[in-house]
Amino acid sequence: QKEVEQNSGPLSVPEGAIASLNCTYSDRGSQSFFWYRQYSGKSPELIMSIYSNGDKEDGRFTAQLNKASQYVSLLIRDSQPSDSATYLCAVMYYGNNRLAFGKGNQVVVIP
Amino acid sequence: EAQVTQNPRYLITVTGKKLTVTCSQNMNHEYMSWYRQDPGLGLRQIYYSMNVEVTDKGDVPEGYKVSRKEKRNFPLILESPSPNQTSLYFCASSQDRDSREAFFGQGTRLTVV
């Protein structure tokens with residue numbers, strides 16, 4: 001049974017700090033990894049994608065992938081109140097075409 | 001403007017009354033899918049389509065049907081809605097086979113009473 005786990009509860013960070021989110025997945029055949037941001041009542045929007053081991057940086061966001069340990073993480077540097085949202089980890093698996101999502105982590109940036 | 005359009009945005013219906021939620025994308029994407037989002041359960045895939053006339057079940061397909069007669073459209077059909085199908089529904093499309101970066105519609109909030 002494929003699973004994408006985001007176990008952390010709501011994360012509160014002061015403005016300007018680093019927010020760190022983690023995601024683990026169960027299927028070693030996973031191919032593509034994504035982080036989506038979802039504001040309350042809105043649709044998810046893609047903020048990062050990563051396909052190979054290592055780090056990928058895009059502005060204040062850094063995604064980290066470790067396939068051996070089966071985790072993917074997201075760092076948000078210099079957190080802003082506008083970063084307050086739920087962050088969804090998503091994984092695409094080899095052998096099928098299904099995109100599986102974690103349940104999400106809520107981030108609250110405190111001014 | 002590139003977008004995924006769902007209609008309606010809000011719908012209240014009664015148990016057993018057939019309904020269709022439409023989804024259309026203007027990006028010529030091959031891959032389209034439907035998700036439902038429920039508190040504590042996250043986003044769960046209902047059905048997906050790799051291309052015209054090619055559809056397959058996702059994680060929670062029971063009680064739903066889909067069709068893909070045209071590349072741009074991917075309607076979700078509830079033949080006999082039940083209260084446990086009350087949820088927030090999202091349609092999504094992706095540009096290519098490898099990336100699967102999904103672009104989401106605005107969502108449809110469905111209430112079945």
Side-chain angles (χ1 to χ4, degrees), chain A residues 1-10 21-27 29-52 56 58 61 63 65 72 74 85-106, chain B residues 1-7 9-10 21 23 25 27 29-51 54-61 66 68 74 87-109:
Chain A
Q1 179 74 19
K2 59 173 176 61
E3 283 187 338
V4 180
E5 297 285 345
Q6 293 180 258
N7 288 329
S8 302
L21 303 170
N22 295 311
C23 171
T24 59
Y25 58 94
S26 59
D27 190 334
S30 302
Q31 178 179 12
S32 308
F33 307 85
F34 309 97
W35 283 98
Y36 286 83
R37 177 177 62 199
Q38 186 177 25
Y39 294 112
S40 181
K42 302 295 185 182
S43 57
E45 56 178 331
L46 180 71
I47 54 172
M48 289 289 286
S49 58
I50 187 166
Y51 308 104
S52 56
K56 179 181 178 181
D58 185 358
F61 298 98
L65 175 61
V72 55
L74 180 71
T86 295
Y87 290 81
L88 305 171
C89 174
V91 177
M92 174 62 72
Y93 293 87
Y94 279 119
N96 61 42
N97 299 293
R98 288 154 62 173
L99 185 61
F101 284 83
K103 295 179 182 179
N105 286 125
Q106 185 182 7
Chain B
E1 180 188 355
Q3 59 185 3
V4 179
T5 303
Q6 291 178 232
N7 280 296
R9 294 288 311 278
Y10 303 91
V21 183
C23 174
Q25 51 95 0
M27 295 169 278
H29 286 174
E30 291 187 349
Y31 184 94
M32 298 185 73
S33 56
W34 275 101
Y35 297 86
R36 60 178 290 174
Q37 188 172 37
D38 303 288
L41 297 177
L43 271 166
R44 294 178 294 168
Q45 195 173 45
I46 303 170
Y47 269 94
Y48 64 92
S49 170
M50 291 294 294
N51 213 324
V54 181
T55 63
D56 209 344
K57 297 177 181 178
D59 297 313
V60 288
V66 293
R68 189 89 182 272
F74 190 44
S87 187
L88 178 59
Y89 291 86
F90 288 104
C91 177
S93 72
S94 305
Q95 64 181 27
D96 59 54
R97 183 180 184 86
D98 295 324
S99 71
R100 290 290 183 265
E101 299 174 15
F103 297 85
F104 285 81
Q106 318 97 302
T108 296
R109 187 166 292 281

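Every chain is numbered from 1, with letters handed out A, B, ... down the list of sequences. This is a predicted model, so every value here is computed, not measured.
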Checklist entry - Who passes ring-ring contact (aromatic ring centres under 6.0 Å, His included) against F33(A), sequence neighbours left out? => result Y25(A)

Checklist entry - At what distance, to the nearest 0.5 angstrom, does OG1 of T86(A) lie from CD of Q37(B)? => result 8.0 Å

Item to check | Test item: Y36(A) side-chain N/O and A102(B) main-chain N/O as donor-acceptor pair under 3.5 Å | outcome: yes

Item to check | Nearest heavy-atom neighbours spanning K42(A) and F90(B) | outcome: O-CZ, 3.7 Å

Checklist entry - Has the side chain of S43(A) got a donor or acceptor atom that lies under 3.5 Å from a matching backbone atom of G105(B)? => result yes

Next on the checklist: Please enumerate all residues that pass side-chain contact (heavy atoms from CB on, under 4.5 Å) together with S49(A), with sequence neighbours excluded.
Outcome noted: F34(A), Y51(A), K56(A), E101(B)

Checklist entry - What residue, out of P44(A), G104(A), A90(A), has the most heavy-atom pairs lying under 4.5 Å from chain B? => result P44(A)

Next on the checklist: Are more than 12 heavy atoms, taken from residues, nucleotides or ligands other than R44(B), located less than 6.0 Å from that residue's CZ atom?
Outcome noted: yes

Checklist entry - With only heavy atoms counted, which part of Y35(B) is less than 4.5 Å from chain A, the side chain, the backbone, both or neither? => result side chain

Checklist outcome for this item: Turns out that what part of E45(A) lies under 4.5 Å from chain B's heavy atoms comes down to neither

